[in-house]
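Working notes for the structure below.
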Amino acid sequence: MKTWFLFSLLFLILSLADRVAAYPNFIGYGYSTCITCHYNNHGSGALNDYGRALFAQEIAARPFISAKVTDEQLADRSGFIPGVELPWWIRPGIKYRGLWFERNTTTSNAVSNFVQMQREIDLALHFDQSQRFVAVFSLNYLPKPADLYGKGQLQDSFYREQYLRVKATKNLFVLAGLFDQVYGVRVIDHTAYSRGGLGLDQYSQTHGLTMQWAESKWEVAAQYHAGNLNAKPENQQKGWSFTGEYEISDKHRFGSSLLMTDTDTKSYRRFALHDRWGLSRSPGSSFLWEAGIFQNLTKPAVAGTPPTGMYALAELLISITRGYNILSTIERSQGEIKGTSPEKQRWSLGGLLFPFQRTELRLSLVNDKSLTADSASADTWSTMGQLHVSF
Amino acid sequence: MFRSSGLLILFLSTIANADVLIRDTLGVSQVQWNERLRVSVGELTDKGKAAYSGAAISWDKSWTWDRAGVGAGFLYSVGRAAAGDFAGSVDFQDTGDRKYTLLAVTPRMVFLLNRQIRMGPIIPIFYRQAAWASKNESLYVEPRRQFFVGFGGEIRVLLNSDWEIVQNIGALSLEGETYWRFGLQYRL
């Protein structure tokens, strides 16, 4: 009874935590797989102890910290309460992201807005000290109440993750519950053409089962999608996705993804290749790309060959010094692979900064273009700033 | 003027008394840029945009000394061009089948952030051909001059000893005439 009371109290209390993020770009530091830092084998969600420590002692800058404090000591302080080791079985966390953006920058039509992008409470429960059995929960508060699942009910929060992870053998992981869909590279920007553009944004979770086999040089995963059971039955996306990566050389991984899901009225097909490359002579810097094709089909099928679209993303992370990076991203998307078909392009340039412990700051200038065969439109420029804090 | 002088001094100081490394690269790119476009019928004039997008092949040579260098190259591009974003005072409908060809010379300065990443300003000089004549004989289409100069920056990343990624971002003017280039170069 006492244990359950303590558990409930801890779950409700807002607590200090070291909870920033690790990204696929961090292959530039030599961290090739997501499970190094995350409980979720494919990234996103809560960081484990190693991820928190790694972030504190290697990724984030350390201004105002005495040189007498070693990076190892910073790692020791990266937990829930700095310097305090929690019971082995519990790891809570908090994440906050605030976004300021301005559309039509430098014009008389400039419009700015501030959004509380993410307010997240995480909880990981270890059922054994070797973490073979781990339960993970991630509760997110929406920027404003919304009818997230089309049921005519406004809600102000939702679970992004609720799963049990089992390390069945040294190489086999099984996750059962609610999590993000497994496909492609989970880049920083959820509005990227390779993420939100394919229906894989921050609200597109599925209930299901994920099985991953991980070797030191390669890994493969299969995910069964039972659909998001919180959604209306006719909108639940059911099917399969597969992904795999192979280490071509040190800090260089090549991979592929396939997704095939259906609702009652639509079918989704995606296939992609991707590559993540840590720059060996520029520690912390990396280059990644993903390119794929997609089909969004209606049911019943209409006559004729359904259109196949394409998308591509290339992202360059340049490490200037510890905690300070330049991030450049180029994207392209076309609804139908045809010379005259409209296409979208986006280029963004900015900074990905970790100026203090437990803090991330993103600044970017974004240029959006729409191209068609018989018309041109003015570019759209946007400015964005994002603050991510764990406290 | 002061900043340009500082850049030049920095550049000259880094190349003094250093051995030169000469590199040739050959590659393919995606290029995209906007130009201003004006259409007129009689006394009526309307301003809009011309958007160009296509593929390019390029050859580039660079000379680097220690932490800085210079480079220059040639680029040939073909693709499609389309016009739009007019205010509507002139009735202009693009035909949708317009092609362009582009030749460019791309002189640049190079600063080595480290052994794998190079950045620097670039001043591309373009010669562009596109048939902008309208089928409506009373409609006059006035694109930019065929020769024009841009300004911008370049980032080059050496993936390994053979391949590098190149990104250009710049403008032809401060009136929304931006250009991009993203490509892959093979080091000869």
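Each chain gets a letter, A, B and so on, in the order the sequences are listed, and its residues count up from 1. Since this is a predicted model, take the numbers as computed values, not measurements.
For a residue to count as touching a neighbouring chain, one of its non-hydrogen atoms must lie under 4.5 Å from one of that chain's; by this rule B/Leu159 touches chain A with backbone and side chain alike. Contact of B/Ile165 with chain A is made through the side chain alone, with heavy-atom distances under 4.5 Å. Heavy atoms of A/Ile330 lying under 4.5 Å from chain B belong exclusively to its side chain. For A/Trp277, the part sitting under 4.5 Å from any heavy atom of chain B is the side chain, from C-beta outward, and nothing else. For A/Ser249, no part sits under 4.5 Å from any heavy atom of chain B, backbone or side chain.
In this structure, a donor-acceptor pair under 3.5 Å is present between the side chains of A/Asn367 and B/Trp180.
Aromatic ring pairs are classed by plane angle as parallel below 30°, tilted from 30° to 60° and perpendicular above 60°; the pair B/Phe126 and B/Trp33 is parallel. Using bins of under 30°, 30° to 60° and over 60° for the plane-to-plane angle, the ring pair A/Phe55/A/Phe354 lands in the perpendicular bin.
The candidate from B/Gln30, B/Lys49, B/Arg80 with the greatest count of non-hydrogen atom pairs under 4.5 Å with chain A is B/Arg80.
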Note to self: Would A/Leu316 and B/Ile155 count as a side chain to side chain contact (heavy atoms under 4.5 Å, CB included) here? Give the steps.
What the structure shows: CA-CA 10 Å; A/Leu316 176 62; B/Ile155 299 175; 3.8 Å; yes
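Here the side chain of B/Arg181 pairs no donor or acceptor atom with the backbone of B/Gln167 at under 3.5 angstrom.
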